[in-house]
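What follows is a single structure, written as structure tokens, with notes after it.
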Amino acid sequence: MRFQLLPQACLLFLACFMTWAVGTSGSTTSAGERAADFFGRHDSGSGHTNNWAVLVCASRYWFNYRHMANALGMYRTVKRLGIPDSNIILMLADDVACNARNKFAGSVYAEAGRHLDLYGENIEVDYRGYEVTVENFIRLLTGRVDPSMPRSKRLLTDDRSNIFVYMTGHGGNEFLKFQDQEEISAFDIADAFEQMWQKKRYNEILFMIDTCQANTMYSQFYSPNILATGSSQIEENSYSYENDNDIGVSVIDSYTHYVLKFMEGINKTSQTSMQDLFNSYDPVKIYSHPGIRSDLFRRPLDKTLITDFFGGVAQAEVFPLQAVVGSRNHHEKDPTPTTSREPDAPSVSVVLSTTVTSLPRLTGETHVWDNRWKEVRKWTSTFVVGCLVSWVSFVR
């Protein structure tokens with residue numbers, strides 16, 4: 001009889017052991033680790049918590065229609081992928097949609113078929129007309145703006161911000177013209193990015209430019225965490241894609257057209273990498289040789305998601321419980337808001353999609369009770385499983 005009950009006893013022992021093991025493993029995983037795993041399951045290793053886009057059309061006049069369409073096409077793409085208008089700075093002459101020569105008043109198209117109006121009703125131009133200057137662009141990047149400047153014209157980034165900078169217009173060897181009146185050089189942009197890095201105004205930057213000899217515009221970069229790409233090599237022009245007979249001018253540049261065409265297959269949760277985008281470059285179709293510079297960038301391109309720059313993140317930082325409670329107690333004792341911080345102080349990351357409205361009052365006693373409750377559940381589960389196995393074995 002004893003030997004007949006041996007299999008049932010072994011089964012009972014095994015069930016109890018597995019139940020105990022599962023309960024123990026569940027109780028040893030901290031709440032912080034579980035939260036970090038939840039919020040970081042789609043993280044590509046960038047470490048950023050917010051995205052910004054700076055889109056610059058440096059041209060004006062009707063015959064530069066295609067440059068307006070370039071910038072507006074990028075504007076539509078980043079907005080579709082989740083970057084809100086509050087985080088997009090659009091610099092545009094804005095003299096095309098309502099131009100007297102525009103047969104389709106109030107509209108801007110990027111293809112001859114005119115299936116998609118890029119201007120529409122949801123365009124927010126932050127710097128318009130003669131506000132698009134080299135000085136305003138440099139001040140925007142470095143944060144050296146007048147105190148009266150509205151928030152919509154400020155780049156309110158921090159050291160956890162990924163910034164997509166797109167520029168289009170007429171250029172040459174290490175320069176880009178601004179509205180046929182002034183020029184910005186590759187050295188100017190390189191020094192502005194260095195100021196941004198020293199002032200902790202970015203985590204990573206994607207710099208993209210569509211102009212003649214575009215690749216020379218990032219040749220002077222020397223700041224870390226910058227990934228750059230351009231439409232054409234030195235001594236090489238950047239060509240338009242197609243004309244519209246009714247509009248009468250070229251409607252988009254070739255390089256930007258194929259980038260936007262690739263981006264149409266991307267959504268907010270896409271796992272497509274920057275390397276996939278660069279692999280799609282075809283000099284035969286683009287009529288020029290696009291360039292890539294990644295020596296300043298710390299992450300491998302095949303691990304860098306396109307949405308790290310073109311999309312809006314929904315990540316959150318998990319702080320230790322003591323830090324949260326301590327901060328809450330500090331604010332309760334001193335309700336005066338902090339208006340400034342020291343340059344070397346750690347920045348507080350901005351979460352675009354997550355808003356914390358209140359914090360529960362968590363104390364050490366709560367944690368003790370939580371651990372005790374886990375122990376009770378663990379041994380109760382063990383007892384219930386043991387009873388069930390015993391009942392089954394004796395019934396047989």
Side-chain angles (χ1 to χ4, degrees), residues 53-83 85 88-128 132 164-171 176 179 206 208-212 214 229-232 237-267 277 280-282 284-288 290 306 309-311:
V54 179
L55 312 176
V56 181
C57 172
S59 299
R60 65 181 302 112
Y61 308 123
W62 173 254
F63 55 85
N64 290 318
Y65 184 107
R66 64 188 185 279
H67 296 153
M68 316 284 179
N70 290 345
L72 290 174
M74 286 295 176
Y75 174 86
R76 173 185 174 273
T77 296
V78 297
K79 192 172 179 180
R80 177 179 64 84
L81 292 177
I83 301 182
D85 268 319
I88 301 175
I89 305 297
L90 179 60
M91 306 183 76
L92 194 70
D94 202 18
D95 60 348
V96 165
C98 297
N99 193 290
R101 284 173 284 189
N102 189 357
K103 181 178 180 180
F104 308 96
S107 301
V108 176
Y109 298 97
E111 56 182 343
R114 298 186 300 278
H115 300 296
L116 178 63
D117 180 10
L118 295 176
Y119 203 78
E121 300 177 354
N122 296 317
I123 299 298
E124 293 186 14
V125 181
D126 302 293
Y127 289 81
R128 176 181 278 107
V132 184
F164 170 50
V165 179
Y166 175 81
M167 305 185 75
T168 183
H170 290 290
L176 178 70
Q179 301 193 0
L206 171 63
M208 180 180 290
I209 182 167
D210 189 353
T211 184
C212 297
T229 181
S231 60
S232 53
N237 292 328
S238 180
Y239 294 96
S240 62
Y241 176 69
E242 64 178 349
N243 297 337
D244 186 291
N245 293 330
D246 291 324
I247 295 177
V249 292
S250 301
V251 292
I252 194 170
D253 280 321
S254 184
Y255 171 78
T256 298
H257 167 79
Y258 283 105
V259 170
L260 293 177
K261 183 178 180 181
F262 181 88
M263 295 301 299
E264 283 301 304
I266 307 300
N267 56 42
L277 171 61
S280 71
Y281 288 173
D282 187 352
V284 176
K285 295 180 178 179
I286 298 176
Y287 305 119
S288 60
I306 284 182
F309 296 101
F310 287 86

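Heads up: numbering here begins at 1 and tracks the sequence. All values derive from a computational prediction rather than experimental measurement.
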Side chains of [X] and [Y]: closer than 4.5 Å at any heavy-atom pair?
X	Y	value
Met74	Val259	yes
Glu242	His257	no
Ile252	Glu111	no
Glu124	Ile88	no
Asp126	Met91	no
Asn99	Tyr61	no
Phe164	Leu55	yes
Leu116	Arg76	yes

- Between Ser240 and Asp253, does any side-chain donor sit less than 3.5 Å from a side-chain acceptor?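 Not at all, the side chains of Ser240 and Asp253 share no donor-acceptor pair under 3.5 Å.
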- Task: State whether a side-chain donor-acceptor pair under 3.5 Å links Tyr119 with Asp94.
- Result: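 Yes.
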- Query: According to the interplanar angle, ranging from 0 to 90°, do the rings of His170 and His67 count as parallel (below 30°), tilted (30 to 60°) or perpendicular (above 60°)?
  - Reply: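 Taking His67 first and then His170, their aromatic rings stand perpendicular (interplane angle over 60°).
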- Pick one: which of Thr256, Thr211, Asp210 meets side-chain hydrogen bond (donor to acceptor under 3.5 Å, both in side chains) with Ser238?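 Among Thr256, Thr211, Asp210, the one meeting side-chain hydrogen bond (donor to acceptor under 3.5 Å, both in side chains) with Ser238 is Asp210.
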- Go through the steps to decide whether Trp62 and Asp95 satisfy the test side chain to side chain contact (heavy atoms under 4.5 Å, CB included), and finish with yes or no. CA-CA 7 Å; Trp62 173 254; Asp95 60 348; over 6 Å; no
- Message: Walk me through whether Tyr65 and Ile247 qualify under side chain to side chain contact (heavy atoms under 4.5 Å, CB included).
- Response: CA-CA 9 Å; Tyr65 184 107; Ile247 295 177; 3.5 Å; yes
- Query: Only one of Tyr281, Tyr258, Tyr255 forms a side chain to side chain contact (heavy atoms under 4.5 Å, CB included) with Ser231, so which one is it?
  - Reply: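 Testing each of Tyr281, Tyr258, Tyr255 against Ser231, the sole residue satisfying side chain to side chain contact (heavy atoms under 4.5 Å, CB included) is Tyr255.
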Approximate separation, where rounding is to 0.5 Å, of [X] [atom1] and [Y] [atom2]:
X	Y	atom1	atom2	answer
Tyr241	Lys261	OH	NZ	6.0 Å
Tyr166	Asn70	OH	CG	4.0 Å
Arg66	Ser254	CZ	OG	11.5 Å
Ile123	Leu90	CD1	CG	7.0 Å
Lys103	Asp244	NZ	CG	9.0 Å
Leu81	Phe309	CG	CZ	14.0 Å

- Query: Considering residues, nucleotides and ligands other than Asn122, do more than 12 of their heavy atoms fall under 6.0 Å from its CG?
  - Reply: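 Check fails, neighbour count at 12 or below.
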- Message: Does Tyr287 have more than 12 heavy atoms from other residues, nucleotides or ligands lying within 6.0 Å of its OH?
- Response: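 Counting other residues, nucleotides and ligands, OH of Tyr287 stays at 12 neighbours or fewer.
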Contact summary for [X] and [Y], nearest pair of heavy atoms:
X	Y	value
Ser59	Met68	O-CE, 3.6 Å
Gly169	Leu176	C-CD1, 3.9 Å
Cys57	Leu92	CB-CD1, 3.6 Å

- Counting distance only, does the side-chain N/O of Asn102 pair as donor-acceptor with the main-chain N or O of Ser107 below 3.5 Å?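 The answer is yes, because a donor-acceptor pair under 3.5 Å joins these two groups.
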- Message: Taking Ala214's backbone N and O only, do any of them form a donor-acceptor pair with Ser232's side chain (distance below 3.5 Å, no angle check)?
- Response: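 Present.
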Residues in side-chain hydrogen bond (donor to acceptor under 3.5 Å, both in side chains) contact with [X], at least two apart in sequence or another chain:
X	answer
Asp85	Tyr75, Lys79
Asp246	Arg114
Thr77	none

- Item | Tyr127 and Val56: CA distance, side-chain angles, deciding distance, side chain to side chain contact (heavy atoms under 4.5 Å, CB included) verdict | CA-CA 9 Å; Tyr127 289 81; Val56 181; over 6 Å; no
